[in-house]
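What follows is a single structure, written as structure tokens, with notes after it.
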Amino acid sequence: MAKAVVVGSGPNGLAAAVTLAAEGLDVTVLEASDVPGGGTRTIEATLPGLLHDECSGFHPLALDTVFARRFDLTAHGVEWAWPEVQYAHPLDAGRGGAVLRSVAETADGLGPDGASYARIFGPLTRHFDAIAEEFLQPMTHVPRHPLALGRFGLQAVAPATWVARCFRTEEARALWGGVAAHAFRPLGSPMSSAIGTALGAAAHRFGWPVAVGGSASIAAAMIELLHIYGGKVETGVTVTDAAELADYDIRMLDTSPGAAADLLRGVQRPRVARAYRRFRHGPGVFQLAFAVEGGIPWSYEPASRAGTVHVAGSLAETVEAERAIERGRMPERPFVLLGQQYLADPSRSQGQIHPIDCYAHVPRGYEGDVSESIITQIERFAPGFRERIVGRSVRSPRQIAADNRNFGGGDILTGANTPRQLVFRPRATLHPYDAGAPGTYLCSAATPPGAGAHGMAGYWAARRAMTGLRH
Ligand SMILES: Cc1cc2nc3c(=O)[nH]c(=O)nc-3n(C[C@H](O)[C@H](O)[C@H](O)COP(=O)(O)OP(=O)(O)OC[C@H]3O[C@@H](n4cnc5c(N)ncnc54)[C@H](O)[C@@H]3O)c2cc1C
């Protein structure tokens with residue numbers, strides 16, 4: 001029986017492990033941390049019994065993928081739950097915009113911009129299954145749905161500020177800017193619409209669900225499946241040298257490209273090693289988790305029903321904040337992404353004390369304390385928030401990277417969403433998973449289709465590894 005080792009137990013490492021084990025390989029996963037799961041861990045960050053997602057909280061792209069159809073995680077303990085409002089964007093004076101599951105209802109709430117919103121997101125939502133099938137795999141393939149992909153591509157290649165011109169009201173413009181900012185790119189740069197277009201349409205097709213009990217249930221389900229197929233996970237093992245992996249026929253690396261180049265020094269083709277070291281990382285985040293008594297008193301009511309709230313003010317403010325962090329400057333009013341997972345999954349709360357997870361976009365490796373700026377931003381749209389805080393915990397970019405070396409400098413996407421890296425990641429090649437050493441594959445979010453806890457990079461990397469093994 002061929003033997004495979006997977007370095008790292010993030011969702012991609014585990015998806016690779018399950019895929020290989022299902023093919024009959026003897027699979028071992030080696031994880032540096034004492035707790036498996038990488039970006040899908042759940043912790044009691046603030047008060048006992050309060051469940052916080054340490055990293056990923058919302059899973060719009062995980063529900064219906066080739067991996068999810070082949071390996072049904074819901075049969076192994078994952079239960080999805082949806083908030084009433086998928087995401088909201090409060091503005092001053094109690095105004096704001098909100099996205100519901102229905103395109104029509106969302107458009108109704110956007111007044112004069114409703115028709116433009118429906119014109120953009122209606123067709124994208126209707127064709128989303130075909131579109132997602134195309135972008136949840138390497139871009140270097142012959143598309144099965146060229147028309148749907150073309151429709152998506154027309155908007156995706158545009159700077160987000162250009163798409164914003166389709167809207168006249170500040171509510172709709174800010175709402176679009178908030179979802180576009182998930183790209184961690186200056187919103188005036190080419191292809192800065194790509195991530196927002198995908199996540200915006202996914203909000204209507206699948207919603208932005210949370211996993212009941214916390215995202216750790218996703219890792220737990222994959223580990224249960226892995227055990228069923230005879231594989232195992234060993235925690236507390238940091239792999240630093242390819243020699244430690246010499247006994248295996250296949251080596252899957254759920255690591256950053258730079259870490260892979262370090263690990264493979266001496267055995268990796270120099271051209272690939274150089275490309276891995278040139279791989280660009282994105283800005284960072286500064287995280288705050290809160291325990292909040294009675295929830296957040298948002299002035300804009302729909303935000304009180306929203307799983308995700310983009311706390312950033314106007315489109316102009318989001319544009320300025322994202323431009324600043326790219327230039328290494330900490331904005332006074334950062335873009336803050338806030339998760340209220342407990343609204344969809346009340347089991348995470350303790351009575352009237354609710355867990356809130358949020359982070360501010362900051363320059364890569366930023367060393368300052370952003371707690372006060374985050375609280376001030378939230379307080380701006382929810383007066384009285386500060387008095388309701390009964391517990392909090394902080395993770396700086398340095399701490400985030402210490403907890404998971406894939407998030408160096410606080411880059412939670414494991415790679416910048418530059419135009420080049422949106423198309424070719426981690427390097428320009430037709431075989432993005434090949435790591436330039438025999439039987440060795442990169443399978444992390446640094447490979448297509450990029451960040452997210454959907455496991456698709458791991459799945460495709462494992463498929464590529466199986467092809468290599470057969471040859
Ligand atoms: C704060 C935050 C919020 C996020 N929100 C969302 C969200 O809402 N939705 C979403 O889809 N995604 C979200 N993400 C992104 C998502 O978590 C990642 O894209 C995803 O986890 C990437 O999976 P991965 O398997 O590639 O790597 P990771 O999840 O980063 O896992 C890599 C694992 O490999 C281990 N490892 C690395 N090097 C070694 C080594 N040498 N030896 C042994 N083990 C090693 C690490 O310890 C880690 O456990 C968020 C991330 C963060 C941090």
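Order of appearance sets the numbers: ligands from 1, and atoms from 1 within every ligand. Hydrogens, waters and symmetry mates play no part in the numbers below; they use all other heavy atoms, side chains included.
- For the residue pair Q341/D53, the side-chain donor-acceptor check at 3.5 Å is satisfied.
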Given T65 and H454, is the side-chain hydrogen bond (donor to acceptor under 3.5 Å, both in side chains) satisfied, shown in steps? CA-CA 8 Å; T65 64; H454 39 63; over 6 Å; no
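- When hydrogens are left out, the protein atom nearest atom 31 (O) of ligand 1 is G10 CA, 3.2 Å; that is the closest non-hydrogen contact.
- Checking G8, G452, A445, A453 against atom 19 (O) of ligand 1, the nearest heavy atom belongs to G452.
- Classified by interplanar angle (parallel below 30°, tilted 30° to 60°, perpendicular above 60°), the ring pair H361/F184 is parallel.
- Of the heavy atoms in V237, only backbone atoms (N, CA, C, O) come closer than 4.0 Å to ligand 1.
- The proximity of L30 to ligand 1, defined as any non-hydrogen pair under 4.0 Å, is limited to the backbone.
- Of the listed residues (D357, V239, T235, L253), the one carrying the non-hydrogen atom nearest atom 41 (N) of ligand 1 is V239.
- Counting heavy atoms under 4.0 Å from ligand 1, residue N12 touches it through both backbone and side chain.
- The option from G39, G13, S256 that lies nearest to atom 29 (O) of ligand 1, judged by heavy atoms, is G39.
- Contact annotation: for N406 versus ligand 1, heavy atoms closer than 4.0 Å belong to the side chain alone.
- Close to ligand 1: G57, with a non-hydrogen atom less than 4.0 angstrom away.
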